[in-house]
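Only one structure is covered here, and it is reproduced in the block below.
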Amino acid sequence: LAPPPPVTWIANDKASFDELVARVLGRDVLVETRIARDMKDIAANLRAVASRYGRVGLKRTRCASAMGHAVFASSEVRSERDAARVVQEFLRRTEWPEGEEVLAVAWLDTDLSPSTQLWIPPVGRGEPRLDGIYEQILTGEEKVFVGSRPSTLPDAVNEALGGCALLIGAALQELGYVGRCSFDHLVTGDLEGDFEVLFTECNGRWGGTSTPMSLLERLVRGPRPAYRAQDVVHPSLIGAALPELLARVGDASFDVDSGQGRFIFYNVGPLAGHGKLDVISIGVDQSDAERGMLEILPKLLGL
């Protein structure tokens, strides 16, 4: 089950999704964004946003995992010359096709970028379903996605995230979208008081959070347990074979029949060339799941 290409484009194109959210919920639920199609206007937009925020970003409209992002201190792009230079380099690096829209955005100071996971049935077959809210694990200046865990945010924040996500999911459903869909957000302010929930982009596809979430539903009896799903990358794993890693982990690998063990390995193809695979660490609670990923697994694998 998958959405038709035209509505898939709307969901995955950051400029089109920005317009959709603005039409449904208003611009107050979006990070400040300016969109242009030529180099001069992109640079002018970057300078305009930099006049209001400490950091700014450039985003290509259809790149995943921050590969189409660049982040700058506003002081780096306030002059016309400097803005033109960084925009030109960004467009060259990302192989920009001339005339395609580019977003200049405010880069807010928060480490909270939760993901809302939805399933959208065809029109007339039920309302969009919120399958979970997850904290994304991000690294580096561009906040590259490396994993996720079930949300530990306050209930009020989760309710706000879920409520606005379902409204946008309903709009996509009316446009003909069906299947798996997720939204990336930012949360700013006081989590126990005056906070703000903002949309940043949509993933109109299966992805790095929805895949382990649904995999667990099929492997574990009962409700999804506390877990952390994450990329594991290490030079010593380059060329390693999966049976070798399973031997190292032993009884700590999850057994579907008995329900014992804590580690599930998937997406192991990159082991050969990059020493990378994906791992789910299950725990009796979130703290235990975190300890499994960050402490127990590296010891078992000898990293």
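Excluded from the calculations below are hydrogen atoms, water molecules and symmetry mates; all remaining heavy atoms, backbone and side chain alike, are included. What you see is a predicted model; the values in this text were computed from it and never measured.
- Atom CD of Glu89 is surrounded by more than 12 heavy atoms from other residues, nucleotides or ligands within 6.0 Å.
- Note on Arg248 versus Glu244: salt bridge recorded, some NZ/NE/NH1/NH2 to OD/OE distance being below 4.0 Å.
- The environment of CZ in Arg93 is crowded: more than 12 heavy-atom neighbours from other residues, nucleotides or ligands sit within 6.0 Å.
- Summarising the local packing, CG of Asp28 is surrounded by 12 or fewer heavy atoms from other residues, nucleotides or ligands at distances under 6.0 Å.
- Between the side chains of Glu135 and Thr152, at least one donor N or O sits under 3.5 Å from an acceptor N or O.
- Linking Ile, Leu, Val, Met, Phe, Trp and Tyr residues whenever their side-chain heavy atoms come within less than 4.5 Å leaves Leu301 and Ile238 in two separate clusters.
- Checking Ser210 against Arg180 by side-chain atom types alone, no donor-acceptor pair falls below 3.5 Å.
- Hydrophobic clustering of Ile, Leu, Val, Met, Phe, Trp and Tyr side chains at less than 4.5 Å, counting indirect connections, unites Val157 with Leu112.
- Taking CG from Asp18 and CZ from Arg34, the interatomic distance works out to 12.5 Å, rounded to the nearest 0.5 Å.
- Linking ILVMFWY side-chain heavy atoms closer than 4.5 Å, directly or via other members, places Leu46 and Trp96 in a single hydrophobic cluster.
- The backbone N or O of Arg228 lies less than 3.5 Å from no partner atom in the side chain of Ser281, so there is not a single donor-acceptor pair.
- A donor-acceptor contact shorter than 3.5 Å is absent between the side chain of Thr116 and the backbone of Ile133.
- Counted within 6.0 Å of CD on Glu217, heavy atoms from surrounding residues, nucleotides or ligands total more than 12; the atom is thus considered enclosed.
- Within a 6.0 Å radius of CG in Asp251, other residues, nucleotides and ligands contribute 12 heavy atoms or fewer.
- Each of Glu201, Glu100, Glu95 was compared with Arg60 under the salt bridge (charged side-chain N to carboxylate O under 4.0 Å, His left out) criterion, and only Glu100 meets it.
- Leu30 is not connected to Leu108 by any chain of hydrophobic side-chain contacts under 4.5 Å among Ile, Leu, Val, Met, Phe, Trp and Tyr, and they are in different clusters.
- Legend: residues meeting ring pair (Phe, Tyr, Trp, His ring centres under 6.0 Å) with Phe183, ordered by chain and number and at least two apart, are Phe17, Phe199.
- Residue Asp194 qualifies as open at atom CG: its count of foreign heavy atoms under 6.0 Å is 12 or below.
- The hydrophobic clustering, which links ILVMFWY residues whose side-chain heavy atoms are closer than 4.5 Å, places Leu153 and Leu118 together.
- Under a cut-off of 6.0 angstrom, the local environment of CH2 in Trp119 is crowded, with over 12 non-hydrogen atoms contributed by other residues, nucleotides or ligands.
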